[in-house]
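Beneath this line is the structure, given in structure tokens, with notes to follow.
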Amino acid sequence: YNEIDPNALPETALNLKLIGTFVAQPQDNSYAVISSGNDSQQKLYREGDTLYGDIKIKKILADRVVLDNQGHLESLLLPRTTLDFGPPPK
């Protein structure tokens, strides 16, 4: 995995939502919070955990989780929200 650029991985088409990540040293102490499908229940995962079927958490990074989807590496990105600053108060 070390030679693979996570930015070059395709975004997963799986119906998953990355809620947040906690990246720690050693990496074994890193966690990701993911909800699947239309289920609003969020679950905590660590590297090596299986989401369902053959989908495994390969790597947890600050802005994404790298998934091993049946041998294909894919990124599950943290949603980016843009801040909309209105005009300053008068």
Side-chain angles (χ1 to χ4, degrees):
Y1 170 79
N2 291 339
E3 63 274 356
I4 295 173
D5 177 8
N7 295 313
L9 295 175
E11 191 170 347
T12 187
L14 297 170
N15 192 6
L16 299 170
K17 183 176 182 185
L18 181 59
I19 306 301
T21 62
F22 175 76
V23 180
Q25 292 299 327
Q27 191 71 30
D28 291 349
N29 294 332
S30 296
Y31 292 92
V33 180
I34 299 172
S35 64
S36 60
N38 298 324
D39 185 5
S40 61
Q41 184 177 5
Q42 302 170 359
K43 294 184 182 174
L44 195 62
Y45 295 96
R46 295 171 67 176
E47 288 184 11
D49 285 352
T50 300
L51 283 107
Y52 56 84
D54 292 331
I55 316 295
K56 292 191 177 172
I57 304 285
K58 185 79 170 170
K59 186 91 172 155
I60 297 172
L61 303 167
D63 65 339
R64 74 191 68 217
V65 170
V66 176
L67 303 174
D68 182 345
N69 186 355
Q70 302 174 358
H72 302 285
L73 296 181
E74 302 172 343
S75 285
L76 175 60
L77 300 173
L78 200 56
R80 297 239 181 233
T81 55
T82 57
L83 297 177
D84 184 18
F85 293 103
K90 295 183 179 181

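What you see is a predicted model, and the numbers here were worked out from it, not measured in a lab.
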Ser35 to Gln41 - nearest heavy-atom pair and separation: CB-O, 3.5 Å
Which atoms form the tightest heavy-atom contact between Leu51 and Tyr45, and what is the distance?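 Shortest heavy-atom separation between Leu51 and Tyr45 comes out as CA-CE2, 4.0 Å.
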Gap between atom CG of Asn7 and atom OG of Ser75 - 0.5 Å precision: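 Nearest 0.5 Å value for the OG-CG distance: 7.5 Å.
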With rounding to the nearest 0.5 angstrom, report the CD1 to OH distance, Ile57 to Tyr31.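 Between atom CD1 of Ile57 and atom OH of Tyr31 there are 13.0 Å.
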Shared ILVMFWY cluster between [X] and [Y], side chains joined below 4.5 angstrom?
X     : Y     : answer
Leu77 : Ile34 : no
Ile55 : Val65 : yes
Ile60 : Tyr52 : yes

Please tabulate, for the side chains in residues 17-26, all donor-acceptor contacts under 3.5 angstrom to protein atoms that are two or more places apart in sequence or on a different chain.
residue : atom : partner : partner atom : Å
Thr21   : OG1  : Leu61   : O            : 3.3
Thr21   : OG1  : Ala62   : O            : 2.9

Passing candidate, side chain to side chain donor-acceptor pair (under 3.5 Å) with Glu47, options Lys59, Gln27, Lys56: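 One option only clears the test, and that one is Gln27.
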Where do Glu74 and Leu9 land on the side-chain contact (heavy atoms from CB on, under 4.5 Å) test, with the steps shown first? CA-CA 5 Å; Glu74 302 172 343; Leu9 295 175; 5.9 Å; no
Heavy-atom side-chain proximity of Leu73 to Leu67 below 4.5 angstrom: no
